[in-house]
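Proteins come first, then strands; the chains are lettered A, B, ... in the order of their sequence lines, and each starts at number 1.
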Number of protein chains: 2
Amino acid sequence: MRRGLDCERSRMSDERPKRGRPRSRASRDAILGTVRRRLLADGYQRLTMEAVAEEAGVSKATIYRWWTTKGELVLEAAEAEISIGPVPETGDPRSDVEATIDQVIDTFSRPLASIVIFAAITTGGDDPVMARSFRDRYVHPWRASGAAALGRALPDGGESGVQFLLDVIFGTVFQRLLVLREPNTHGLTERLLAVVLPAVDASH
Amino acid sequence: MRRGLDCERSRMSDERPKRGRPRSRASRDAILGTVRRRLLADGYQRLTMEAVAEEAGVSKATIYRWWTTKGELVLEAAEAEISIGPVPETGDPRSDVEATIDQVIDTFSRPLASIVIFAAITTGGDDPVMARSFRDRYVHPWRASGAAALGRALPDGGESGVQFLLDVIFGTVFQRLLVLREPNTHGLTERLLAVVLPAVDASH
DNA sequence: TAATATAGAAACGATGCGTTTCGAAATGGT
DNA sequence: ACCATTTCGAAACGCATCGTTTCTATATTA
């Protein structure tokens, strides 16, 4: 039976309650550190809450006290490694598009981030909260910023054309780095730039 | 303990043993039909062997007798809906590239095929046999054929450039139809053609 | 008829889930 | 100092599913 009017706030950054035993930062760090280790060693699917609790020297109840699902837990564990989001406007539209592409390539090249993002994208139906959280925090801001950059680089691209090009960028990088697990060689950025901005770069 | 020198062949198309009770086609059809129904209703992850056995009126032992993993089972259940593979050479390179693209779009637009393919691609580390089987049966022939078509359409494309363009096609369609689950609108084929064959179509 | 192979029923131990209960520890308010 | 509050760790719960095993019955061919 649910407690209902228990304390509902749970994120670390929230305000602390005025009284009572404070949250153990040692336990939190042990949990997130264990999650990172196990993710890198075994991957997302083989990560179990039981194993995290045991290796971190913590009880399962403590984990579920602060993270209600495995998805929340791993998203927070990888937070610092995910650098997908808005890109600044520099004045050079081509550079902005390049930065948009490089954000995805850089993040997808980090082992921990790639494991977590792959899980967030591919467990869509099974953990909708994780998928939505990932989209809202990272993908949507990236798309908005990238759409603006592409709009500046391709003034007559059209809105649906810009959305399509964002799918080309994200889908191609996802395919090469996360599905095929190919290293980032052969100038992926340059090739993608040439594909999405065909006529802009006539400098060679 | 494993039996070892038991009969190892298991696919329906293999030769039947000379003596003994023949395999029940009714059970096979009931199993595969149930798998298709449950996949469409609940998805791949929520499909359990126990539920299939119960709904098909069959014992679990019978299922595991013929399919050793869930991946094998669903790949066979969706076999008829997956039409990714070689495309014929028509003499018009642009048409061949278009056919290469349309194969992926058509297959990914079918509900059952899209569920199974999404599972095969995204459970890579957890069911390596399923992933490898899908790649060997469908993806590799498609890539070989598509690379040839792209090579004819882009004589100076270069091998790595052709592989990159195959990743653009597959990754973009995967992103739009399987990850974002957007319907196939806005002329996906035409847009992809324009992106991978920029200068060929100067007919407008 | 004998040998062979499949089918179904039922149970096994193992694993992980999410939850609950309990007692101990650590803080702030009074 | 004492109490209310909150977290922590340990342990156990019922549940689901896994892959396997055992047993008996059935179907087919040599």
d(CG, A/L47; P, C/dT15) in whole Å
17 Å
State whether the side chain of A/K70 and the backbone N or O of A/M49 hold a donor-acceptor pair below 3.5 Å, judged by distance alone.
no
Measuring to OP1 and OP2 of D/dG9, would you say a side-chain N or O of A/S27 lies under 4.0 angstrom away?
yes
Find the distance A/L73:CG to C/dC17:P and express it as a whole number of Å.
11 Å
Given D/dT17, D/dT28, C/dG16, which nucleotide is nearest the side-chain atoms of A/E50?
C/dG16
Looking at A/E182 and A/R176, is there a salt bridge between them, counting it only when a charged N and a carboxylate O are closer than 4.0 Å?
yes
Ignoring backbone atoms, test whether A/R65 places a side-chain nitrogen or oxygen under 4.0 Å from the OP1 or OP2 oxygen of D/dT7.
yes
Quick check on D/dT7: is either OP1 or OP2 less than 4.0 Å from any side-chain nitrogen or oxygen of A/W66?
no
Contact between A/L75 and A/R137 at the side-chain level, heavy atoms closer than 4.5 Å - yes or no?
yes
Are the side chains of A/T123 and A/M130 in contact, using a 4.5 Å heavy-atom criterion?
yes
Nearest to the side chain of A/R19, heavy atoms from C-beta on, is which of C/dG29, C/dA7, C/dC17?
C/dG29
d(CD, A/Q45; P, C/dT15) in whole Å:
19 Å
If you restrict it to nitrogen or oxygen atoms, what contacts under 3.5 Å exist between nucleotides 10-16 of chain D and the protein, and what is each distance?
none

Can you label the angle between the A/F174 ring and the A/F108 ring as parallel, tilted or perpendicular, going by 30° and 60°?
perpendicular
What's the CH2-C1' distance between B/W67 and C/dA7, to the nearest Å?
13 Å
Atom-to-atom span, CD of A/E54 to P of D/dC8 - whole angstrom
19 Å
Side chain proximity check, A/R46 to A/R38, heavy atoms < 4.5 angstrom
no
With no angle test and no hydrogens, is the base of C/dA25 tied to the side chain of A/R21 by a donor-acceptor pair under 3.5 Å?
yes
How about B/R143 and B/D167: do any of their side-chain heavy atoms sit closer than 4.5 Å?
yes
So what does A/T68 hit on the nucleic acid, given a heavy-atom distance under 4.0 Å: a base, only sugar-phosphate, or nothing?
nothing
